Structure formats: C-alpha cells, structure tokens
Amino acid sequence: MTFQAPKGVSEYAPPRSAAFRRAIDTFAAAVTKAGYGYLELPVFEDTQLYARGVGESTDVVTKEMYTFEDRGGRSVTLRPEFTAGVLRSVLENGLHHGQLPAKVWAVGPAFRYERPQAGRYRQFYQVDLEAIGSDDPLVDAETIAIAWDWYRQLGLQRLTLLLNTLGCAECRPIYRAALQDFLRALDLDEATRARVEINPLRVLDDKRPEVKAQLEGAPLVTDHLCAACKAHHDQVRTALADLSIPWTDNPRLVRGLDYYTRTTFEFDHPLLGAQSAVGGGGRYDGLSESIGGPPLPGIGFGLGLDRTVLAMEAEQVAAAAVSTVDVYAVPLGEEARRRAFALLAELRRAGLAADMAYGSRGLKGSMKAASKSGARFALIIGERDLEAGAVQLKDLETAEQTEVSLASIVDTLKGKLL
RNA sequence: GUGGGUAUAGCUCAGUUGGCAGAGCGCCAGGUUGUGGUCCUGGAUGUCGUGGGUUCAAGUCCCAUUACUCACCCCA
C-alpha cells in the first residue's frame with residue numbers, strides 16, 4: 001500500500017478497539033452520574049492559550065507543540081492537553097456564572113510532537129474532567145475517586161495512586177527559594193542547572209540515578225506548607241481514607257505543567273514499561289487568571305486512554321470481542337437472498353441485532369460465517385423453505401433446529417431474545 | 001533532540017558456510033447435491049522495507065535511506 005498512518009499516531013481497529021470504546025463509555029456513564037456535563041471542544045486553539053496556560057517554561061510548550069499558521073495568518077496549536085481549552089470554554093460560555101463548581105468532562109485526541117515509544121504517541125487520547133470554581137478539598141477527593149473507581153470498573157487492580165501538594169502562591173515561593181539554594185550546590189548538567197532557575201520543582205522529578213542520588217536531602221514541599229495548604233492537603237487525604245482509596249504520599253511528585261497548585265496526583269501502572277503514568281491531574285488555582293479570566297480555583301485530571309488500554313491488556317482484562325449479533329441469516333439462492341435481506345431489516349427494526357451472509361457462498365460457507373459471527377441463532381432460508389412459507393431456525397449452541405413460519409419468525413425471535 | 005534493536009505471506013515468525021521463497025495460524029474451496037464449531041484434503045497471497053554496491057549467484061555480505069520499535073529526556 002502507498003500510504004501508512006502518520007508517525008507516532010495511535011489507532012484502534014477491531015478487536016482492540018472494543019476495550020478503547022468500553023473505556024470511554026464507562027467513563028461517560030460514571031461522570032454523568034456524578035453531575036459532570038459534556039463539553040465538545042475544538043481540537044486546536046490559539047497558540048497563546050497554551051503558551052500562557054500550560055507555561056512557557058514547560059517542555060510541552062517549548063518543544064512538543066504542533067503549531068502552525070492557518071491561511072488567515074493566525075497561529076494555532078493542536079491541543080497538547082485539555083485543561084487550558086476546557087477552562088477557556090467554561091469562561092467563554094459563562095459556565096462560571098452558574099452554580100459552582102462548574103463540572104465538565106471531555107474526551108478526544110491530544111497532540112505532542114515527541115519521539116514515539118511504548119505508550120507514548122504523537123496523537124494520543126484522553127478523557128478529561130474538570131471541576132471549576134471551588135476550592136473545597138472534597139472536590140479534590142471527588143475527582144480522584146472518580147478516576148480511581150473508573151480504573152477499577154475497567155478491571156484494573158494494580159494501579160498506584162501517588163499524591164502530593166505543591167503549595168500555593170503564599171508558601172510555594174518560600175519553598176522554591178529553599179529548593180533552589182539546595183539545588184544550586186549540586187553537580188548537575190547544563191540543562192538541569194537551567195531548570196533549577198526556571199522551574200526548580202521539576203528537578204525533583206528527575207529519574208536519572210546520578211541526579212536522584214543527589215536529591216536525597218532535598219527540602220520537601222510538605223515541610224514548607226502554609227497553614228491553609230496543610231489543612232487542605234490533610235482534608236483531601238482524610239476524604240480519600242473515608243472512601244477506602246489507598247494512596248502513596250510522594251513529596252517528589254511534581255508533574256510537568258506549570259499551572260498546578262496544591263493537590264497533584266498521578267496513577268501509575270507497573271506493567272507498562274517506561275511510560276508508566278496512565279493518568280494524572282491536580283489543582284490549578286491560578287490558571288484562570290493567567291489566561292485573562294477572573295480568579296477561579298479549579299481541579300481536574302487527564303487520563304490517558306492509550307495507556308489505560310495497554311494496562312487492561314497487560315492485566316488481561318481487555319474485553320474479548322463479544323458477539324454483536326443475535327441472529328445470522330443464511331440464504332440459499334437468489335430469491336432467498338432477497339427475502340433474507342428484507343427479513344434482516346425487519347429484525348433490526350424490531351430491535352434485534354442481525355446480520356446475514358452476503359455474497360454467494362455455499363451453505364457450508366454461510367454456516368461457518370454464522371458461527372463466526374457469534375450469533376445465537378442461524379436463520380436458514382432456502383428455496384424449499386420459501387415454498388413452504390417457512391424458515392429453519394437453528395440454535396447454534398445446542399444445534400437444535402426447528403421450522404418456523406415466515407409470518408411469525410420475527411415474533412418468535414423477539415420472544416427468545418428480548 | 002540522543003542512543004540501541006528490528007524490517008521475509010493478512011498475522012506470528014523460520015530461512016544454516018551466499019545456491020529453486022518456507023512453516024504455523026488465518027482466509028478460501030472441497031470432503032458432505034440443504035447445515036457451523038472438530039477432523040481430513042487442496043488452494044491463493046511475497047517488488048524478502050527502499051535505493052545502490054560486491055558476486056557466476058544476495059532474503060543472507062557492504063553502504064545509504066525510510067519505517068517500525070525500545071530506552072533517555074519528558075509525559076497521557
């Protein structure tokens with residue numbers, strides 16, 4: 001073939017796509033029950049929204065964005081994450097003027113120009129959820145619980161929830177200065193030294209052994225929290241404990257986006273190789289103002305669907321392709337094909353899932369197709385049957401076959417299947 | 001952006017010191033003139049990633065290139 005999918009994109013064809021769909025459908029049902037409304041968002045935004053929202057110093061903005069100029073000379077960027085666009089939409093649609101928090105969710109692809117590897121794609125999929133306009137720690141706990149329960153519903157047992165707090169505008173600068181003092185004394189490469197000056201917290205996240213070793217005695221946020229942040233953090237943890245959700249406190253958990261304040265969290269899976277974070281999120285109490293909105297606290301998460309599917313496969317809980325049809329018609333001869341085709345539509349209108357053997361295959365081949373379709377019943381329609389005004393109804397599990405009149409076959413099947 | 005590995009049928013992969021392009025699975029057909037799953041038999045599908053080079057001869061050796069893949073960085 002001349003064409004292949006662009007480098008680094010993920011795509012889902014049957015039977016793998018079943019797990020992908022199930023993940024989305026399960027999420028949609030769960031968050032709808034928790035009061036979240038659906039947001040259908042553009043897949044690209046004004047480049048400045050991400051530059052200012054996500055943060056000029058982040059890798060996402062400096063080297064991973066799909067940015068281009070449209071024909072009108074506007075700089076637009078394929079979304080590298082959801083939160084900035086969600087907040088923009090909430091503000092633009094005035095949802096923050098209604099009852100708070102404004103609770104919304106979204107799903108779809110996001111884009112980052114990176115070198116692909118296991119679990120990391122240039123076009124990847126996320127479900128996203130945001131609660132905007134409340135600083136109640138119970139809202140933090142609610143979002144975490146929703147993510148946790150979703151993973152459990154999908155059958156995932158081996159996830160670890162990592163939890164941290166990054167402080168607020170009050171206490172973070174003090175901690176930041178203390179951390180910088182510590183980091184400047186270390187033996188670090190040039191890129192990391194630069195990061196110490198721009199965003200020292202992210203140095204804590206470094207996974208290289210030679211750097212990790214030096215970080216042993218680094219000052220921790222949790223020791224520099226103001227009273228309000230400490231109380232907030234404690235209340236989040238108490239709420240999680242009340243829900244029997246296990247977590248691991250990780251004072252080194254930073255996350256790569258600049259807007260996070262207070263609560264941050266991440267879900268890690270042990271079987272995914274290097275890209276082990278299947279989802280993550282946190283609070284972003286200053287984000288609204290940084291994109292020109294009113295002061296408006298918020299919290300949310302993005303959960304990676306690609307990595308979730310990989311985790312489901314690794315834990316062997318990905319849905320096996322289940323039968324999608326109940327009835328499979330097997331016509332013999334041209335006249336029978338016409339009648340079967342019409343009957344098929346009738347069955348579907350009656351609410352039954354039905355398919356038939358298309359093309360001119362022999363009876364044996366058609367029966368094989370019926371068997372492979374996973375249908376419970378085969379409907380054999382031959383010339384002899386048509387003359388008798390009947391069809392042969394075969395139960396493909398028991399191999400039991402009965403003759404049913406054409407006039408009553410739809411009702412008969414409805415009786416058996418609905 | 002940096003480093004390693006791989007590329008042969010629809011899929012998973014074998015292919016020896018360079019000597020006729022292979023297996024399993026899947027697909028199709030037949031065994032059974034109107035009956036699936038099991039079984040048996042047969043069949044189709046290949047620019048051996050691409051371009052060059054060495055050689056009487058290249059899937060195999062050399063060079064380049066592209067794609068895929070894993071890891072670093074970072075993140076979903």
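Chain naming here is simple, since letters A, B, ... match the order of the sequence lines and numbering starts at 1 in each. For clarity, every value in this text was computed on a predicted model and none was experimentally measured.
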Can you tell whether the side chains of [X] and [Y] come within less than 4.0 Å, N to carboxylate O?
X        : Y        : answer
A:Arg122 : A:Glu114 : no
A:Arg74  : A:Glu69  : no
A:Glu313 : A:Arg16  : yes
A:Glu387 : A:Arg384 : no
A:Arg79  : A:Glu45  : no
A:Arg338 : A:Glu335 : yes

Expressed as a whole number of Å, how far does the [atom1] atom of [N] sit from that of [M]?
N     : M     : atom1 : value
B:U69 : B:U32 : P     : 48 Å
B:G19 : B:A64 : P     : 25 Å
B:A58 : B:U47 : C1'   : 15 Å
B:C72 : B:U60 : P     : 33 Å
B:A44 : B:G30 : C1'   : 14 Å
B:U38 : B:A76 : P     : 46 Å
B:U65 : B:G4  : P     : 14 Å
B:A7  : B:U50 : C1'   : 11 Å

- Check: A:Arg120 side chain, B:C73 base, donor-acceptor under 3.5 Å: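 Yes.
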- Message: One character per nucleotide, please: for nucleotides 4-13 of chain B, 5' to 3', B when the base has a protein heavy atom closer than 4.0 Å, S when only the sugar-phosphate does, - otherwise.
- Response: ----------
- Message: Using a 4.0 Å heavy-atom cut-off to protein, can you give one letter per nucleotide of nucleotides 29-35 of chain B, 5' to 3': B if the base is in contact, S if only the sugar-phosphate is, - if neither?
- Response: --B--BB
In whole angstrom, what separates [X]'s [atom1] from [N]'s [atom2]?
X        : N     : atom1 : atom2 : value
A:Phe265 : B:A76 : CZ    : P     : 11 Å
A:Ile24  : B:A76 : CD1   : P     : 18 Å
A:Asp306 : B:U69 : CG    : P     : 13 Å
A:Glu114 : B:C74 : CD    : C1'   : 6 Å
A:Phe20  : B:A76 : CZ    : C1'   : 12 Å
A:Leu303 : B:A76 : CG    : C1'   : 9 Å
A:Lys372 : B:G37 : NZ    : P     : 8 Å
A:Tyr113 : B:U2  : OH    : P     : 11 Å

- Considering heavy-atom distances to RNA chain B, does A:Leu396 or A:Lys7 have its closest nucleotide positioned more toward the 5' end?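 Its nearest nucleotide lies further toward 5', so the answer is A:Leu396.
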- Item | Of A:Gly8 and A:Gly280, the one whose closest RNA chain B nucleotide lies more 5' |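 Looking at the nearest nucleotide for each, A:Gly8 comes out on the 5' side.
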Contact class for [X] (heavy atom, under 4.0 Å): base, sugar-phosphate, or nothing?
X        : result
A:Tyr125 : nothing
A:Ala369 : nothing
A:Ala370 : nothing

- Message: For a quick check under 3.5 Å, do A:Gln153 and A:Tyr151 share a side-chain donor-acceptor pair by atom type?
- Response: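 Distance-only check fails for A:Gln153 and A:Tyr151.
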For the rings on [X] and [Y], is their centre-to-centre separation under 6.0 Å?
X        : Y       : answer
A:Trp150 : A:Phe27 : yes
A:Tyr113 : A:Tyr66 : yes
A:Phe111 : A:Phe44 : no

- Query: Between B:A76, B:A71, B:C73, which nucleotide gets closest to the side-chain atoms of A:Arg195?
  - Reply: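 When the side chain of A:Arg195 is considered, B:C73 is the closest of B:A76, B:A71, B:C73.
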- Query: Considering only side-chain heavy atoms of A:Gln275, which listed nucleotide, B:C72, B:C28, B:G37, is closest?
  - Reply: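 Selected nucleotide (nearest to the side chain): B:C72.
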- Query: Given B:C70, is OP1 or OP2 found less than 4.0 Å from the side-chain N or O atoms of A:Gln117?
  - Reply: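 Answer is no, no contact under 4.0 Å.
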- Task: Could you tell me whether the phosphate oxygens of B:G1, OP1 or OP2, come under 4.0 Å of any side-chain nitrogen or oxygen in A:Lys63?
- Result: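 A:Lys63 to B:G1 OP1/OP2: no side-chain N or O under 4.0 Å.
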- Non-neighbouring partners of A:Lys368 that pass salt bridge (Lys or Arg N to Asp or Glu O under 4.0 Å), sequence neighbours left out: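 Salt bridge (Lys or Arg N to Asp or Glu O under 4.0 Å) check on A:Lys368 returns nothing, list empty.
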- Flag the pair A:Tyr38 / A:Val107 as yes when at least one side-chain heavy-atom distance between them is below 4.5 Å, and no otherwise.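 Yes, side chains in contact.
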- Message: Under a 3.5 Å distance rule, please check whether A:Thr143 uses its side chain to pair with a backbone N or O of A:Asp140 as donor and acceptor.
- Response: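 Yes, A:Thr143 side chain to A:Asp140 backbone: donor-acceptor pair under 3.5 Å.
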- Task: Mark yes or no for whether A:Asn199, through its side chain, and A:Arg195, through its backbone, hold a donor-acceptor pair below 3.5 Å.
- Result: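 Flag not set: sc A:Asn199 to bb A:Arg195 has no pair under 3.5 Å.
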- Message: Short of 4.0 Å, heavy atom to strand atom, which residues of residues 31-41 of chain A count as contacting RNA chain B?
- Response: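 Those residues whose heavy atoms fall under 4.0 Å from RNA chain B, taken from residues 31-41 of chain A, amount to none.
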- Message: Looking at every non-hydrogen atom in both residues, tell me the closest pair between A:Asp385 and A:Val391 and how far apart they are.
- Response: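 Heavy atoms of A:Asp385 and A:Val391 come nearest at CB-CA, 4.3 Å.
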Please set out all donor-acceptor pairs under 3.5 angstrom arising from side-chain atoms of residues 399-406 of chain A, sequence neighbours excluded.
{"unit_1": "A:Gln401", "atom_1": "NE2", "unit_2": "A:Gln392", "atom_2": "OE1", "d": "3.3"}
{"unit_1": "A:Glu403", "atom_1": "OE1", "unit_2": "A:Gln392", "atom_2": "NE2", "d": "2.9"}
{"unit_1": "A:Ser405", "atom_1": "OG", "unit_2": "A:Ser408", "atom_2": "N", "d": "3.3"}
{"unit_1": "A:Ser405", "atom_1": "OG", "unit_2": "A:Ser408", "atom_2": "OG", "d": "2.9"}

- Note on the structure: Applying the Watson-Crick and G-U criteria (both distances under 3.5 angstrom) with [ ] for crossing and | for other-strand pairs, one obtains for RNA chain B (((((((..((((.....[..)))).(((((.......))))).....(((((..]....))))))))))))....
